[in-house]
Amino acid sequence: MQGEKVEEFERKFCEYKGSKYAVAVSSGTAALHLALLSEEIKEDDEVICPSLSFIATANSIKFVNAKPVFCDVEKHNVIINPGDAEKLITGKTKAILIVHQIGFACDIDGFKKLAEKHNLKLIEDAACAIGSGYKGRKIGGDSSLACFSFHPRKIVTTGEGGMITTNNRETYERIRALRNHGISGDKFIYNGYNYRMTDIQASIGIIQLSRMEKYLENRKMIASMYDDFFEKDSRFITIKNKEFSDTNYQSYCVYIKPESGININGLIEKMNNNGISLRKGITAIHKQDSFSEFNNLKLVNTEDMSENSILLPVYYPLEEKEIKYILENLKTIIN
Ligand SMILES: Cc1ncc(COP(=O)(O)O)c(C=O)c1O
């Protein structure tokens with residue numbers, strides 16, 4: 001049931017982020033869906049978003065019968081930039097859905113300017129970006145709409161869950177109604193959903209949120225050990241924070257140069273056999289069967305990054321000796 005613990009979690013989330021409003025929902029995907037609905041994105045509208053993302057980013061656009069227009073990421077990086085997005089704007093474009101991928105902030109101010117210039121809505125998929133910063137501000141604090149996930153893999157989890165932050169009163173009220181069957185007060189005002197978070201989930205979220213700094217500290221330590229290792233080896237390219245970004249290291253992704261001769265699938269298999277969960281890089285959505293109409297689209301940087309990068313274990317409380325074990329195994333396999 002959604003009750004006072006949900007309200008407390010929302011209040012604490014606002015305090016942490018510095019946003020005026022927050023609405024807790026049942027997942028990050030539900031958050032994205034409601035954000036698009038609240039901005040009245042509908043059939044035949046185009047929404048610019050990256051392809052290098054978890055499938056839910058683009059699925060949420062499908063939920064409202066709009067069309068994703070995939071933007072390539074920067075070379076050897078995981079984020080899109082306003083200049084590349086602008087080239088994709090047409091008369092049908094209604095929104096830009098940016099993704100702060102694995103915690104790395106996009107140029108939020110640059111996208112805000114772009115959205116204003118072309119009269120577009122800006123939605124932030126911040127599913128991976130709780131605890132991440134942009135120019136010293138917390139992501140989602142001054143957003144028109146930012147969507148977070150509390151899936152178990154995320155830094156703050158509620159088992160399953162999500163949150164939307166906004167600074168617009170009307171948007172807030174619309175999303176609150178849409179989350180609960182379209183009910184506002186005692187009136188049905190929209191065709192709504194059951195995307196409520198329960199008090200049980202919110203109680204977990206409140207505790208998790210209070211431990212955030214400890215989780216972030218641990219992740220920065222893990223990432224700096226990985227950085228030290230990979231930056232000494234010219235076969236790898238690490239992802240760097242842009243001058244405006246302060247990542248939470250939701251995941252640690254490293255690019256492996258194709259000319260290094262390292263067989264990524266073989267490496268993953270051997271590491272997994274040694275009990276280490278290594279995974280291939282982030283999905284390229286336009287290459288998935290469920291987006292077959294986009295399979296022939298060429299997004300050079302997205303495909304390169306997706307095919308030639310790996311994700312290393314990052315979780316609390318991964319300790320120094322375990323990270324050394326991971327890196328020793330990796331070294332033996334690749335040398
Ligand atoms: C970028 C991105 N967007 C959306 C989602 C969806 O969040 P959820 O699993 O809470 O529905 C995820 C989840 O991993 C994600 O990584």
Side-chain angles (χ1 to χ4, degrees), residues 6 9 13 22-37 47-64 68 70-71 73 77-80 95-106 108 111 122-132 134 139-140 143 145-165 175 178-179 193-198 201-202 204-205 208-209 219 239 245 247-253 277 279-286 288 290-291 302 305-306 309 311 313-315:
V6 169
F9 187 32
F13 204 82
V23 184
V25 289
S26 52
S27 70
T29 309
L32 288 170
H33 187 191
L34 293 188
L36 288 156
L37 283 172
V47 179
I48 296 171
C49 68
S51 164
L52 191 78
S53 191
F54 183 59
I55 200 96
T57 304
N59 274 349
S60 65
I61 298 169
K62 270 193 182 171
F63 293 167
V64 296
F70 293 117
C71 182
V73 289
N77 211 318
V78 292
I79 51 168
I80 61 172
I96 308 175
L97 175 53
I98 56 174
V99 181
H100 305 301
Q101 194 52 262
I102 56 169
F104 288 90
C106 292
I108 298 171
F111 276 105
L122 180 64
I123 300 171
E124 295 171 51
D125 181 340
C128 298
I130 189 166
S132 288
Y134 173 78
I139 286 184
S143 304
L145 275 166
C147 303
F148 296 87
S149 164
F150 305 125
H151 178 270
R153 281 190 59 244
K154 302 297 189 271
I155 298 174
V156 164
T157 183
T158 56
E160 291 281 357
M163 189 77 81
I164 302 163
T165 58
I175 290 175
L178 284 166
R179 151 181 84 171
Y193 298 80
N194 175 357
Y195 280 164
R196 294 186 303 259
M197 177 181 273
T198 65
Q201 291 166 309
I204 298 167
Q208 287 263 303
L209 194 61
R219 281 170 185 268
I239 301 173
S245 173
T247 181
N248 57 8
Y249 291 103
Q250 163 62 51
S251 299
Y252 188 93
C253 182
S277 167
R279 291 179 38 218
K280 191 104 176 240
I282 304 156
T283 347
I285 298 177
H286 71 288
Q288 305 308 305
S290 58
F291 284 84
T302 298
M305 200 63 195
S306 182
S309 65
L311 296 162
V314 184
Y315 58 85

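None of the values given here were measured: they were computed from a predicted structure. Whatever order the structure lists ligands and atoms in, that order sets their numbers, starting from 1. Reckoned from all heavy atoms, side chains included, excluding hydrogens, waters and symmetry mates.
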**Message:** Is the distance between the ring centroids of His33 and Tyr193 under 6.0 Å?
**Reply:** yes
**Atoms in ligand 1 with a heavy atom of Thr57 nearer than 4.0 Å** = 1 (C), 3 (N)
**Asked** So, does Gln250 use its side chain to make a donor-acceptor pair with the main chain of Ile130 at under 3.5 Å?
**Response** no
**Request:** Indicate, as side chain, backbone, both or neither, the part of Asp125 found under 4.0 angstrom from ligand 1 when only non-hydrogen atoms are considered.
**Result:** side chain
**Asked** Heavy-atom contact under 4.0 Å between Lys154 and ligand 1?
**Response** yes
**Request:** For Gln208 and Thr157, test the side chains for any donor-to-acceptor distance below 3.5 angstrom and give the result as yes or no.
**Result:** no
**Request:** Enumerate the atoms of ligand 1 whose separation from the nearest heavy atom of Ala127 is less than 4.0 angstrom.
**Result:** 2 (C), 3 (N), 4 (C), 5 (C), 12 (C), 15 (C)
**Request:** Report yes if some N/O of Thr29 lies less than 3.5 Å from some N/O of ligand 1; otherwise report no.
**Result:** yes
**Item:** Top protein contact for atom 12 (C) of ligand 1, by heavy-atom distance
**Value:** Phe54 CD2, 3.5 Å
**Asked** When the ring planes of Phe148 and Phe13 are compared, do they come out parallel, tilted or perpendicular, using 30° and 60° as the limits?
**Response** perpendicular
**Prompt:** Does Tyr249 offer a backbone N or O that forms a donor-acceptor pair with the side chain of Arg219 under 3.5 Å?
**Reply:** yes
**Prompt:** Got a donor-acceptor contact below 3.5 angstrom from the Ser51 side chain to the Ile285 backbone?
**Reply:** yes
**Request:** Report the part of Cys128 (side chain from C-beta onward, or backbone N, CA, C, O) that has a heavy atom under 4.0 Å from ligand 1; answer both or neither where that applies.
**Result:** side chain
**Request:** Could you list the atoms of ligand 1 found under 4.0 angstrom from a heavy atom of Ser149?
**Result:** 7 (O), 8 (P), 10 (O)
**Request:** Number the atoms of ligand 1 from 1 as they appear, then name those within less than 4.0 Å of a heavy atom of Ser53, with their elements.
**Result:** 1 (C)
**Message:** If the cut-off is 4.0 Å to any non-hydrogen atom of Gly28, which atoms of ligand 1 fall inside it?
**Reply:** 7 (O), 8 (P), 10 (O), 11 (O)
**Item:** Inter-residue atom distance Ser27.OG - Met163.CE, 0.5 Å rounding
**Value:** 13.0 Å
